[in-house]
Amino acid sequence: MDAKLRTEPNPPATANVPSASAAPATAEKLLGDEGFRAIDRMWSAYRGRFTGGMSPAALALALIDWSIHLASAPGKQIEVLAKANRKATRILAHAAAAAFDPSAPPCIEPLPGDYRFVGEAWKREPFNTWAQAFLLQQQWWHNVTRGVPGVTPHHEAMVAFGARQWLDVFAPSNNPFTNPEVIDKAIASGGLNFVQGLQNWREDLTRLALGQRPAGTERFRVGKDVAVTPGKVVFRNELIELIQYAPATASVYAEPVLIVPAWIMKYYILDLSPENSLIRYLVAKGHTVFCISWRNPTADDRDLTLDDYRRLGVMAALDAVEAVVPGRKVHATGYCLGGTLLSIAAASMGCRGDTRLASLTLFAAQTDFTEPGELALFIDHSQMHYLASMMWNRGYLSADQMAGAFQLLRSNDLVWSRLVREYLMGERVPMNDLMAWNADSTRMPYRMHAEYLQRLYLDNELAASRFIVDGRPAALQNIHVPIFAVGTERDHVAPWRSVYKIHYLCSDAEVTFVLTSGGHNAGIVSEPGRPRRRYRVAVKGSAHLCRGADEWFKAAEMKDGSWWIEWSDWLAARSTAKRVPPPSMGAAAKGYRALEDAPGTYVLQR
């Protein structure tokens with residue numbers, strides 16, 4: 001019934017009888033388009049509580065796509081049956097050989113990085129045969145889920161990933177009755193390992209219920225044990241604190257360094273313990289270093305946009321650095337998402353003739369998202385709706401949701417090996433500063449993260465020069481300052497071949513590319529003196545032809561040691577040769593007074 005009829009003192013009798021179209025019209029007026037969408041979001045957010053944030057529709061579509069095409073591919077069916085027969089023959093032959101000769105060579109080796117079956121105990125029978133059978137089965141399922149004609153590549157990757165996760169549940173290493181190392185520990189300790197494992201499980205469950213951080217993290221207090229490089233907070237707004245670090249040398253390079261970390265993490269991964277702090281290393285080399293510390297958003301910040309992070313983060317920090325060190329260009333450095341945001345800001349600055357940057361450094365940062373690695377398994381249009389609905393409902397993406405996705409990407413290292421070690425063996429995994437930092441996670445505002453996933457991951461606007469900033473496209477081709485880009489060999493978040501694409505997008509700039517050993521975090525925290533560290537490096541001049549990633553890999557020079565030394569020398573070569581006295585801490589006369597000691601307040605927010 002419309003508003004006019006409700007306000008009439010004596011409506012006609014026929015007015016009380018709704019027409020056939022009155023009900024839908026009234027519902028549309030009451031709810032509107034946004035009201036209907038809100039119902040969809042609330043329903044998806046509600047279901048997400050029971051699915052761990054995964055979209056059932058995305059999983060079902062992938063499974064249907066794969067199964068229909070497999071059922072329609074007799075050649076593929078014959079192939080997998082033939083491989084099953086060959087693998088059965090191989091395991092039977094191995095079992096027979098091992099029965100007579102325990103030192104018989106394995107019929108299959110684990111994949112690189114799979115250390116579940118490398119211990120001496122796994123060479124005994126029947127454990128050796130069980131491990132070999134599992135690895136053959138794992139290989140067979142890889143063949144079954146890959147190469148099915150007609151399957152969408154994204155769906156194929158999802159099915160293969162799901163099959164691998166499901167198989168890992170039943171790995172003999174995860175069963176106390178089929179894991180010889182657990183059995184040996186139980187015999188040696190009289191079963192006390194299970195008692196200690198139960199105590200570890202109860203402690204972890206209690207901490208999880210109380211919202212406390214994992215056991216052992218209390219030994220790494222922010223500002224006391226980690227993030228202890230001396231400095232001052234010289235600027236604060238509603239989104240960032242800017243830390244200026246105290247000089248450690250009598251003179252410094254004229255051009256300062258501004259670090260933009262990812263807002264998905266606390267900044268102090270670059271200022272961990274004094275011996276592996278990149279920030280302390282730079283200061284000791286004579287650089288004036290500034291670093292952004294992002295505020296941990298709450299539900300009240302749900303409407304912060306990606307451009308707010310650019311304006312209130314990168315650009316506000318640049319203004320502050322310019323006030324403290326006037327007349328000097330800045331070596332801008334971004335890590336992960338911070339590097340992507342910094343690339344957007346640098347492209348926009350290039351478009352507007354803003355020449356405040358001396359160079360651009362990107363740590364494990366993507367600018368082209370066509371090949372974002374296994375993280376793309378959790379990002380498609382169906383999953384995006386599900387995730388956006390959950391963020392819309394809460395106002396932010398919670399830390400536990402992000403942690404779950406990252407752990408699944410490396411489930412053997414981050415989930416199963418830990419469960420076996422702590423709950424079956426009864427041994428606590430020793431906590432270190434990097435692990436403690438990893439447990440100190442942050443949230444991400446709804447609108448900003450939804451824009452980031454939609455515009456960069458799904459639509460790839462930045463690489464296509466369609467990312468609009470203040471009415472103009474932020475075209476990466478407008479970046480002409482020297483670029484130093486770092487990729488890591490075992491990066492599941494920003495695969496190095498994806499990071500390498502900065503060569504194609506900034507073809508007119510000089511690009512120095514480094515590929516270092518390690519993963520997304522451990523590869524960046526690579527201080528001099530750490531054993532077994534290596535990296536490859538090559539320079540592409542502005543007039544040089546671009547090489548493909550594989551061609552670059554073969555041609556790049558291999559070096560032992562830390563890439564930090566390479567970067568420090570690179571910064572020095574692109575700075576004014578003459579050293580200058582250190583600048584003041586802050587610029588009080590310009591409104592940038594020293595507010596408090598580093599690490600500030602925002603980094604302590606939970």
Side-chain angles (χ1 to χ4, degrees), residues 34 37-55 58 207-214 222 236-241 260-269 292-314 316 335-338 340-341 344 375 378-409 437-458 493 600-606:
E34 282 303 311
R37 299 294 78 77
I39 295 174
D40 294 337
R41 292 192 185 103
M42 286 188 289
W43 175 237
S44 294
Y46 174 75
R47 290 184 298 161
R49 296 165 58 186
F50 303 98
T51 65
M54 295 296 294
S55 168
R207 285 175 174 268
L208 181 64
L210 297 177
Q212 298 175 348
R213 297 169 65 194
V222 178
R236 178 187 292 131
N237 62 20
E238 59 268 39
L239 192 56
I240 70 166
E241 288 180 334
V260 183
W263 53 89
I264 196 175
M265 57 179 75
K266 298 291 181 71
Y267 83 89
Y268 67 90
I269 186 175
I292 289 175
S293 174
W294 299 98
R295 187 167 68 85
N296 198 2
T298 65
D300 293 336
D301 304 303
R302 60 181 300 122
D303 290 324
L304 282 172
T305 66
L306 188 57
D307 196 59
D308 288 333
Y309 272 69
R310 181 191 66 85
R311 291 186 304 102
L312 301 175
V314 177
Y335 186 6
C336 188
L337 303 184
T340 303
L341 181 67
I344 293 171
L375 194 60
F378 304 99
I379 304 171
D380 57 24
H381 290 84
S382 176
Q383 185 62 44
M384 180 63 200
H385 165 70
Y386 219 68
L387 187 61
S389 297
M390 297 180 69
M391 292 190 295
W392 172 86
N393 186 56
R394 301 180 68 173
Y396 55 82
L397 181 66
S398 62
D400 56 337
Q401 289 174 294
M402 292 183 287
F406 290 129
Q407 287 176 345
L408 282 177
L409 294 179
W437 163 85
N438 194 53
D440 191 9
S441 50
T442 59
R443 297 173 290 272
M444 302 226 272
Y446 153 65
R447 186 173 175 186
M448 180 280 300
H449 198 51
E451 287 181 350
Y452 172 78
L453 294 177
Q454 181 68 47
R455 299 181 64 184
L456 297 179
Y457 265 92
L458 291 182
V493 179
T601 303
Y602 285 176
V603 72
L604 303 176
Q605 294 174 334
R606 295 282 183 261

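Below, each value reflects all heavy atoms present in this structure, side chains not excepted, and no hydrogens, waters or symmetry copies. Start at 1 with the first residue, then count along the sequence.
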Original post:
To the nearest 0.5 Å, what is the distance between CD1 (I344) and CG (L456)?
Top reply: 5.0 Å

**OP:** Decide yes or no for E238 and L312: does some side-chain heavy atom of the first lie under 4.5 Å from some side-chain heavy atom of the second?
**Re:** yes

Original post:
Quick check: does any side chain N or O of W437 sit under 3.5 Å from a backbone N or O of K266, one acting as donor and the other as acceptor?
Top reply: yes

Subject >> 4.5 Å side-chain heavy-atom contact, I264 and M444 >> reply: yes

Original post:
For D440, does its backbone N or O pair with a side-chain atom of R606 as donor and acceptor, under 3.5 Å?
Top reply: no

Subject >> Test item: T601 and L604 side chains (from C-beta on) under 4.5 Å apart, heavy atoms >> reply: no

**OP:** State the CG-NE2 distance between L304 and H449, to the nearest 0.5 angstrom.
**Re:** 14.0 Å

Original post:
Is there a donor-acceptor pair under 3.5 Å between the side chain of R207 and the backbone N or O of Q212?
Top reply: no

Subject >> Flag side-chain contact, heavy atom, 4.5 Å: D307 against R310 >> reply: yes

Original post:
Taking side chain as C-beta onward, heavy atoms only, is M265 less than 4.5 Å from T442?
Top reply: no

**OP:** State the CE-CG distance between M448 and L397, to the nearest 0.5 angstrom.
**Re:** 9.0 Å

Original post:
Is any side-chain heavy atom of I292 closer than 4.5 Å to a side-chain heavy atom of Y267?
Top reply: no

**OP:** Nearest 0.5 Å please: distance from the CE atom of M391 over to the OH atom of Y396.
**Re:** 12.5 Å

**OP:** Any chance you could measure Y309, atom OH, to I240, atom CD1, to the nearest 0.5 Å?
**Re:** 11.0 Å

Subject >> Any donor-acceptor N/O pair, S55 side chain to M384 backbone, under 3.5 Å >> reply: no

**OP:** Indicate yes or no: at least one non-hydrogen side-chain atom of Y602 is less than 4.5 angstrom from one of W294.
**Re:** no

**OP:** Taking all heavy atoms of S382 and all of A58, pick out the closest pair and write down the distance.
**Re:** OG-N, 3.4 Å

**OP:** Working to the nearest 0.5 Å, report the span between CD of E451 and CG of D308.
**Re:** 8.5 Å

Original post:
Taking C-beta and beyond as the side chain, do L306 and R447 meet within less than 4.5 Å on heavy atoms?
Top reply: no

Subject >> Chi angles and distances behind the salt bridge (Lys or Arg N to Asp or Glu O under 4.0 Å) call for D301, R295 >> reply: CA-CA 10 Å; D301 304 303; R295 187 167 68 85; 2.7 Å; yes

